[in-house]
Amino acid sequence: MKIGEKVPDFTLVDERGEPYRLFDHIGQRGAVVFFYPKDNSAVCTAEVCAFRDQFQTFSDAGIEVVGISSDSIDSHKEFSKKNALNFRILSDREGTVRKAWRVPDALGFIPGRVTFVVTSDGTLVGKFSGMLNASAHVSAAIKIAGL
């Protein structure tokens, strides 16, 4: 996706088993949507915990934070509880949202790690991609959002 494009809306199920439609929860100023490869891996855990630790920064600005991976709802439930997550993580088991948002695989087979920042009308204003530096995703989202 290119900066300035409208992002595809989606509905996925969260860690509580509840449906989540992005455009129903996009926030006053927009959203940060981050795709990560796998619950409980070292880098992914560091990334979600970094978003957890900066959640109030986004929340105070009216920005929704949501994470997406292909893990199951049960995996997400355990992962969220274990790491005391304060935002929703969504299950994209079939990879349809990942594909619609054009998140590439790393090395051709590992789901990619990409963070998107969108406005309240669903326009992409920035994105950051990187597999190994988890905290860089949070700092990039903060910078893109102007916080």
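In this text the structure is predicted, and so the values were computed from the model without any measurement. All heavy atoms count here, side chains included; hydrogens, waters and symmetry mates do not.
- Screening residues 40-69 for ring-ring contact (aromatic ring centres under 6.0 Å, His included), with sequence neighbours left out, gives Phe34-Phe51.
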Worked check of side chain to side chain donor-acceptor pair (under 3.5 Å) between Asp74 and Ser72: CA-CA 5 Å; Asp74 288 339; Ser72 70; 5.3 Å; no
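- Atom-to-atom distance recorded for Thr11:OG1 and Leu22:CG is 9.0 Å, nearest 0.5 angstrom.
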Could you give the side-chain donor-acceptor pairs of residues 78-86 under 3.5 Å, partners two or more places apart or in another chain?
from	atom 1	to	atom 2	distance (Å)
Asn83	ND2	Phe79	O	3.0
Asn86	ND2	Arg52	O	3.3

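- Looking at every heavy atom in both residues, Lys127 comes nearest to Ile3 through N-CD1, 4.2 Å.
- Within a 6.0 Å sphere centred on NZ of Lys6, heavy atoms belonging to other residues, nucleotides or ligands number more than 12.
- The shortest non-hydrogen separation linking Val117 to Leu124 is O-CD1, 3.5 Å.
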Show your reasoning for whether side-chain contact (heavy atoms from CB on, under 4.5 Å) applies to Val103 and Phe116. CA-CA 10 Å; Val103 176; Phe116 297 89; 3.8 Å; yes
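- Contact check for Val7 versus Met1: side-chain heavy atoms found under the 4.5 Å cut-off.
- Of all heavy-atom pairs spanning Phe23 and Gly122, the tightest one is CZ-CA, 4.1 Å.
- Residues satisfying the side-chain contact (heavy atoms from CB on, under 4.5 Å) test with Ala100, not counting sequence neighbours, are Pro8.
- Listed by chain and number, the residues in a salt bridge (Lys or Arg N to Asp or Glu O under 4.0 Å) with Glu47 are Arg113 (sequence neighbours excluded).
- In this structure, Leu147 is a member of the same hydrophobic cluster as Val125, with clusters built from ILVMFWY side-chain heavy atoms closer than 4.5 Å.
- Side-chain contact annotation: Asp14 with His76, donor-acceptor N/O pair under 3.5 Å absent.
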If you apply the rule side-chain contact (heavy atoms from CB on, under 4.5 Å), what do you find for Glu18 with Arg88, and how did you get there? CA-CA 10 Å; Glu18 297 176 8; Arg88 291 181 175 178; 3.9 Å; yes
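- Arg29 contributes a side-chain N or O that, together with a main-chain N or O of Ala145, makes up a donor-acceptor pair within less than 3.5 Å.
- Considering all non-hydrogen atoms of both residues, Ser135 and Ala50 come closest at CA-CB, 4.4 Å.
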List the atom pairs, with distances to 0.1 Å, where a side-chain N or O of residues 90-97 and a protein N or O form a donor-acceptor pair under 3.5 Å, not counting sequence neighbours.
from	atom 1	to	atom 2	distance (Å)
Ser91	OG	Asp71	O	2.6
Asp92	OD1	Gly95	N	3.3
Asp92	OD1	Thr96	N	3.1
Asp92	OD1	Val97	N	3.3
Asp92	OD2	Val97	N	3.3
Asp92	OD2	Arg98	N	2.9
Arg93	NH1	Ser70	O	2.9

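- Here the straight-line distance linking atom NE2 of His137 with atom CD1 of Ile142 works out to 13.0 Å at 0.5 Å rounding.
- The salt bridge (Lys or Arg N to Asp or Glu O under 4.0 Å) search around Asp53 returns none, not counting sequence neighbours.
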With side-chain contact (heavy atoms from CB on, under 4.5 Å) as the criterion, how do Thr115 and Tyr36 come out once you've worked through the C-alpha distance, each side chain's angles and the decisive distance to 0.1 Å? CA-CA 9 Å; Thr115 298; Tyr36 65 99; over 6 Å; no
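- Between Asp39 and Ser41, the side chains place no donor N or O within less than 3.5 Å of an acceptor N or O (distance only, hydrogens not considered).
- Residues Tyr20 and Glu15 bring no donor and acceptor atom of their side chains to less than 3.5 Å of each other.
- Hydrophobic clustering of Ile, Leu, Val, Met, Phe, Trp and Tyr side chains at less than 4.5 Å, counting indirect connections, unites Leu12 with Val33.
- Between Thr57 and Val138, every side-chain heavy-atom pair lies at or beyond the 4.5 Å cut-off.
- Once rounded to the nearest 0.5 Å, the distance linking CD1 of Ile26 with CD1 of Ile63 reads 10.5 Å.
- Contact check for Val32 versus Glu64: no side-chain heavy atoms found under the 4.5 Å cut-off.
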Begin from the C-alpha positions of Trp101 and Ile68 and carry the test side-chain contact (heavy atoms from CB on, under 4.5 Å) through to its verdict. CA-CA 11 Å; Trp101 283 55; Ile68 301 174; over 6 Å; no
